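Counting starts at 1 for both ligands and their atoms, in listed order. Since we're looking at a predicted model, the values are computed, not measured.
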Amino acid sequence: MKTDFERLVESVRRASRVAVLTGAGISAESGIPTFRVAGGLWEGHRIQDVATPEAFARDPRRVWEFYEARRRGAAKASPNPGHVALAEMEDRFSEFLVATQNVDGLHRRAGSRKLVELHGSLARRRCPSCATCVEGLEPLETLPPPCECGGRFRPDIVWFGEILPAVAWSAAEEAARRSEVFLVVGTSAEVYPAAGLALIAADSGAKVFEINPEATSLSSLFAGAIREPAAIALPRLLGALIESST
Ligand code: BJW
Ligand code: ZN
């Protein structure tokens with residue numbers, strides 16, 4: 001009887017189209033807290049107080065204080081072996097895409113280029129009045145940061161009730177639909193439409209594997225699960241692929 005890991009390696013080895021959905025768990029070993037655990041990011045914050053457009057309209061300074069702390073965390077963090085393994089995988093397939101829900105920028109810093117950020121980026125702020133966008137994780141002197149047009153910047157993050165960036169979403173949806181193997185890495189798969197990518201992939205015939213120490217509400221729909229931290233399982237997968245190609 002083959003293990004789920006052996007079946008994963010076999011499926012990925014045969015595939016030429018692979019897509020990956022990542023969530024906060026892949027950055028756990030980089031020291032960035034996940035959302036939905038005791039001591040996680042939402043602890044001490046009600047979601048509606050910090051991650052909705054209504055919260056920003058009501059109290060922009062409070063929302064910015066939450067994001068400034070996150071920006072400092074992201075600036076200090078480094079990509080871990082899970083991010084690096086995905087970056088190294090991207091040229092091994094004729095089609096490959098990482099669609100991340102993370103806003104920490106660690107996939108890009110690990111070298112991923114076949115990447116879309118579904119929920120925006122901590123490293124970008126934009127002015128809703130004049131659409132100016134500014135990049136950078138430098139500490140901000142004034143919160144909320146003022147824009148030259150007289151408006152104020154907001155984090156370029158997708159909050160609850162907001163639409164995902166159209167280009168990123170359609171690339172992710174197409175990659176999920178076309179994939180032969182779809183990996184769901186480090187996400188509780190609670191937040192839609194991102195979690196729905198795994199369902200789109202499964203409905204389109206992909207073998208969907210989960211890499212997550214814990215089961216999620218979608219686990220039973222998947223072809224298999226690797227119950228290990230991403231920073232262990234992804235380098236192990238890459239190692240097995242390299243071994244089989246030499
Ligand atoms: C490890 C590990 C290790 C640990 N290795 N794994 C009812 C009311 C209101 C809205 C809705 C509703 N029903 C549906 C909606 C829509 C809503 C939604 O899905 N809500 C659900 C919560 C029910 N979605 C939206 O609003 C989206 N927009 C939308 O739908 O637009 C259309 C629309 C418009 C208007 C009206 C209606 C529809 C937008 C969603 C944007 C979410 N953004 C956030 C916050 C961003 C701000 C920020 O980052 O500050 O993005 S939510 C938060 O959750 C963040 C994350 O990207 C996202 C996903 O979390 P993730 O990554 O899964 O983290 P965790 O913590 O949940 O899980 C971590 C996992 O890692 C765990 O499983 C661990 O086991 C695992 N793990 N260590 C591997 N080492
Ligand atoms: Zn402006």
Task: Angle subtended at the Zn ion (ligand 2) by C130 SG and C127 SG, rounded to 10 degrees - done: 110°
Open item on the list: Regarding E214 and R227, does a basic nitrogen lie under 4.0 Å from an acidic carboxylate oxygen?
Closed with: no
TODO: Answer with yes or no whether the hydrophobic clustering places F93 together with L237; edges join I, L, V, M, F, W, Y residues whose side-chain heavy atoms lie under 4.5 Å apart.
DONE: yes
TODO: Drop me the distance from L234's CG to I211's CD1, to the nearest 0.5 angstrom.
DONE: 4.5 Å
Task: Atom indices of ligand 1, in the order listed, that fall short of 4.0 Å to a heavy atom of R70 - done: 48 (C), 49 (O), 50 (O)
- [ ] Would you give the length of the straight line joining atom NE2 of H119 to atom CG of L164, rounded to the nearest 0.5 angstrom?
- [x] 4.5 Å
Task: Atoms in ligand 1 with a heavy atom of P229 nearer than 4.0 Å - done: 3 (C), 5 (N), 80 (N)
Open item on the list: Grouping I, L, V, M, F, W and Y whenever their side-chain heavy atoms are under 4.5 Å apart, do V208 and Y192 come out in a common cluster?
Closed with: yes
Open item on the list: Can a side-chain donor-acceptor contact be found between T100 and T22 if the only test is distance below 3.5 angstrom?
Closed with: yes
TODO: Measure E190 to ligand 1 on non-hydrogen atoms and call it side chain, backbone, both or neither using the 4.0 Å cut-off.
DONE: backbone
TODO: Identify, by atom number and element, the atoms of ligand 1 in contact range of E214, meaning under 4.0 Å from any of its heavy atoms.
DONE: 75 (O)
TODO: Counting heavy atoms only, name the option from E162, R36, H119 that's nearest to atom 57 (O) of ligand 1.
DONE: H119
Open item on the list: For the 3.5 Å polar cut-off, considering only N or O atoms, please tell me whether A51 and ligand 1 meet it.
Closed with: no
Task: Candidate with minimal heavy-atom separation from atom 58 (C) of ligand 1, of V63, V191, T216 - done: V191
- [ ] Say whether F56 and I157 are linked into one hydrophobic cluster, either directly or through other cluster members, by side-chain heavy-atom distances under 4.5 angstrom.
- [x] yes
Open item on the list: For ligand 1 and E29, I'd like to know whether there is a polar contact (N/O to N/O, distance under 3.5 Å).
Closed with: yes
Task: Ligand-side contact atoms (ligand 1) for residue partner I157, heavy atom cut-off under 4.0 Å - done: 46 (C), 47 (C), 48 (C)
Open item on the list: So that I can tick it off, tell me whether E138 and R125 are bridged by a salt bridge, with the cut-off set at under 4.0 angstrom between side-chain N and carboxylate O.
Closed with: yes
TODO: Output yes when E174 and R177 qualify as a salt bridge under the 4.0 Å nitrogen-oxygen rule, no when they do not.
DONE: no
TODO: Run down the list W159, Y192, W169, F66 and name the one with the heavy atom closest to atom 27 (C) of ligand 1.
DONE: Y192
TODO: Enumerate the atoms of ligand 1 whose separation from the nearest heavy atom of G23 is less than 4.0 angstrom.
DONE: 62 (O)
Task: SG (C149) to the Zn ion (ligand 2) to SG (C147) angle, given to the nearest 10 degrees - done: 110°
Task: V103-ligand 1 polar pair, N/O distance under 3.5 Å - done: no
- [ ] Report the member of V158, T187, I226 with the shortest heavy-atom distance to atom 43 (N) of ligand 1.
- [x] V158
Task: CD/E6: more than 12 non-hydrogen atoms of other groups inside 6.0 Å - done: yes
Task: Part of T34 with heavy atoms under 4.0 Å of ligand 1, whether side chain, backbone, both or neither - done: both
TODO: Kindly confirm or rule out an N or O of N212 lying under 3.5 angstrom from an N or O of ligand 1.
DONE: yes
- [ ] Can you figure out which of Y67, F35, F160 has its heavy atom closest to atom 52 (S) of ligand 1?
- [x] F160
Open item on the list: Contact between H107 and E117 at the side-chain level, heavy atoms closer than 4.5 Å - yes or no?
Closed with: no
TODO: Would you mind reporting whether E65 and L143 have side-chain heavy atoms less than 4.5 Å apart?
DONE: yes
Task: N or O contact, G161 vs ligand 1, cut-off under 3.5 Å - done: yes
